[in-house]
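Working notes, beginning with the structure itself.
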Amino acid sequence: MEASEAKLDGNSIGGLLREIFTMEMTTAEATCAGCGAVNAVGRVDVYLRAPGAVVRCPGCEQVLMRIVQGRGRYWVDLRGMRCLEFAAPE
């Protein structure tokens, strides 16, 4: 199989993304890309006075996530996390 034949578009993971983000995420564990600390999402620092939500590591204050909502869309930036771990839905 050619590499171009194996490549799919984002629609192929639409169902998976829906499953992931419709579950309880405050118990998910975020690993900070800056200091390596692991914290439950429910224990991180959140700032809502920006244009959207800014989520920071409580240890080193690295920005873990940015979430902006507008015009019926969400923009989620997770580049400050090395890993986001959560249990699969039952």
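Scope of the values below: all heavy atoms of this structure, side chains included, with no hydrogens, waters or symmetry mates. A quick note: this is a predicted structure, and the numbers were derived from the prediction, not measured.
- At distances below 3.5 Å, not a single donor-acceptor pair connects side-chain atoms of E61 with backbone N or O atoms of V63.
- Taking 4.5 Å as the limit, every side-chain heavy atom of E29 sits out of range of all side-chain heavy atoms of F86.
- Interatomic distance, M65 CE to L84 CG, rounded to the nearest 0.5 Å: 6.5 Å.
- Remark: R79 CZ to Q62 CD distance equals 10.5 Å, nearest 0.5 Å.
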Quick one, R66 with D77, criterion salt bridge (charged side-chain N to carboxylate O under 4.0 Å, His left out). Give me CA distance, side-chain angles, the key distance, then yes/no. CA-CA 5 Å; R66 294 172 190 90; D77 176 357; 2.8 Å; yes
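- Hydrophobic clustering of Ile, Leu, Val, Met, Phe, Trp and Tyr side chains at less than 4.5 Å, counting indirect connections, unites M25 with V46.
- Side chains of N39 and P58 form a contact here, defined as non-hydrogen atoms less than 4.5 Å apart.
- Rounded to the nearest 0.5 Å, atoms OG1 (T31) and CE (M81) are 9.0 Å apart.
- Put simply, CG on L78 and CD1 on I67 are 7.5 Å apart, with the number rounded to the nearest 0.5 Å.
- Side-chain contact between L64 and V44 is present, with at least one heavy-atom pair separated by less than 4.5 Å.
- In terms of modelled atom types and a separation under 3.5 Å, the side chain of T22 and the main chain of R18 share a donor-acceptor contact.
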